[in-house]
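Single-structure report; data block below.
Fair warning: this is a prediction, and the values are worked out from it, not measured in the lab. Position 1 is the first residue of the sequence, and the numbers go up from there. As the structure lists them, so they are numbered: ligands from 1, and atoms in each ligand from 1.
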Amino acid sequence: MRTAVYPGSFDPITLGHLDIINRSRAVADRLIVGILANPKKQPLFTVEERVAQVRKAVSGLKHVQVRPFDGLLVNFAKHVSADVIIRGLRAMSDFEYEFQMSLMNRRLRPESETVFLISAEPWTYLSSSAIKEIVKFGGSVKGLVPAIVEEELRRKYRDTHDIQQSV
Ligand code: PNS
């Protein structure tokens, strides 16, 4: 039984992330989605909110578990007995950062093997930061994130009075 970890900030989860989660079936029998509690950028959603959103989004997928983590990814991977780290690649622009991160993770834990899965074409231009910006300025992200996430984004920006309408 091969266990893989799919780490990220998931602030918030998009249909691009879900595409990678579905594709992970090809390389892992069990997938742990690891949600970084304190990413470098101040997250919009708390780690509890992000974990709940991802759990709802993957509720139909029996091979997937969702857990928060803090600290080094390789330590989390070891803790959940995962030797495979899955990352999604959308375009060449992702490559440099991912290449550096995978080599550093290998240096920290040589047993870790990073496997890159290529996103389906409709998601190549999709990112969590674009999603937040679109909702912040009153645009629709329907069909780009799970419906529950779209609702929570609107609620979050409404509660903070941060929705900005252009022109
Ligand atoms: O969704 P993201 O923000 O691109 O995910 C980045 C993530 C969470 C995979 C990365 O920041 C990470 O692994 N952070 C944990 C800290 C760590 O292990 N750093 C050393 C990696 S070079």
Side-chain angles (χ1 to χ4, degrees), residues 2-24 26-28 30-58 61 63-136 141 144-146 148-150 152-153 156:
R2 187 180 285 284
T3 301
V5 64
Y6 177 39
S9 311
F10 301 100
D11 186 42
I13 186 164
T14 67
L15 295 196
H17 292 125
L18 278 176
D19 175 51
I20 297 297
I21 290 171
N22 281 312
R23 284 173 197 286
S24 74
V27 291
R30 177 172 165 251
L31 183 74
I32 314 289
V33 180
I35 302 188
L36 184 65
N38 292 304
K40 278 178 229 152
K41 286 172 271 170
Q42 181 65 34
L44 177 66
F45 291 104
T46 65
V47 67
E48 291 80 12
E49 287 169 328
R50 285 177 282 139
V51 167
Q53 287 167 353
V54 179
R55 283 202 173 127
K56 280 180 200 149
V58 302
L61 304 174
H63 73 296
V64 182
Q65 290 172 23
V66 183
R67 297 206 197 166
F69 80 100
D70 220 336
L72 286 179
L73 168 61
V74 288
N75 292 345
F76 175 65
K78 185 175 178 194
H79 180 69
V80 296
S81 310
D83 290 340
V84 173
I85 296 169
I86 291 186
R87 291 286 288 170
L89 281 182
R90 292 163 299 187
M92 277 305 287
S93 49
D94 283 338
F95 183 74
E96 205 170 324
Y97 168 66
E98 296 296 337
F99 182 63
Q100 188 187 21
M101 193 161 66
S102 66
L103 290 179
M104 189 56 84
N105 284 332
R106 183 185 284 165
R107 186 190 166 99
L108 292 168
R109 185 172 181 247
E111 306 90 302
S112 297
E113 203 59 67
T114 304
V115 173
F116 294 105
L117 298 177
I118 307 291
S119 298
E121 280 171 50
W123 317 126
T124 49
Y125 55 88
L126 180 55
S127 70
S128 296
S129 14
I131 291 293
K132 285 180 279 193
E133 190 165 87
I134 292 166
V135 177
K136 182 171 176 168
V141 291
L144 299 175
V145 294
I148 171 87
V149 169
E150 181 168 16
E152 291 189 17
L153 276 162
K156 183 71 91 175

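Below 30°, between 30° and 60°, or above 60°: for F99 and F95 the angle between ring planes is below 30°, a parallel geometry.
Using a 4.0 Å heavy-atom cutoff, S128 is absent from the residues neighbouring ligand 1. Assignment of Q100 to the shell around ligand 1 is not supported, since no heavy atom sits closer than 4.0 Å.
Under 4.0 Å is where a charged nitrogen must lie from a carboxylate oxygen, and between R106 and E113 at least one such pair does. A salt bridge does not link K41 with D11: none of the charged nitrogens is closer than 4.0 Å to a carboxylate oxygen. A salt bridge is absent between D83 and R2: the closest approach of a Lys/Arg side-chain nitrogen to an acidic carboxylate oxygen does not fall below 4.0 angstrom.
In this structure, atom 14 (N) of ligand 1 lies nearest to the protein heavy atom L36 CD2, 3.8 Å. Ranking protein heavy atoms by distance to atom 1 (O) of ligand 1, first place goes to S9 N, 2.9 Å. Here the protein heavy atom with the shortest distance to atom 20 (C) of ligand 1 is L72 CD2, 4.0 Å. Atom 9 (C) of ligand 1 has its closest protein heavy atom at R87 NH1, 3.5 Å.
For D19 (side chain) and A120 (main-chain N/O), a donor-acceptor pair under 3.5 Å exists by modelled atom type.
For a threshold of 3.5 Å applied to N or O pairs, the pair formed by N105 and ligand 1 contains no separation below that value.
Neither the backbone nor the side chain of L108 has any atom closer than 4.0 Å to an atom of ligand 1 (non-hydrogen atoms only). The backbone and the side chain of L73 each have at least one atom closer than 4.0 Å to an atom of ligand 1 (non-hydrogen atoms only). For Y97, every heavy-atom contact with ligand 1 shorter than 4.0 Å involves the side chain, none the backbone.
Contact detail for G16 and L126: the closest heavy-atom pair is N-CD2, 3.7 Å. Closest heavy-atom contact between L73 and V5: CD1-CG1, 4.4 Å.
Numbered from 1 in the order shown, with element, the atoms of ligand 1 that lie under 4.0 Å from a heavy atom of M104 read 22 (S). Listed by atom number, the atoms of ligand 1 under 4.0 Å from G71 heavy atoms are 15 (C), 16 (C).
Atom CG of L18 and atom CD1 of I13 lie 4.0 Å apart (nearest 0.5 Å).
Less than 4.0 angstrom separates atom 17 (C) of ligand 1 from at least one non-hydrogen atom of the protein.
For the residue pair T3 / R30, a side-chain donor-acceptor distance below 3.5 Å is found, with atom types taken as modelled.
Taking all heavy atoms of R109, M101, K41 into account, the minimum distance to atom 22 (S) of ligand 1 is reached by M101.
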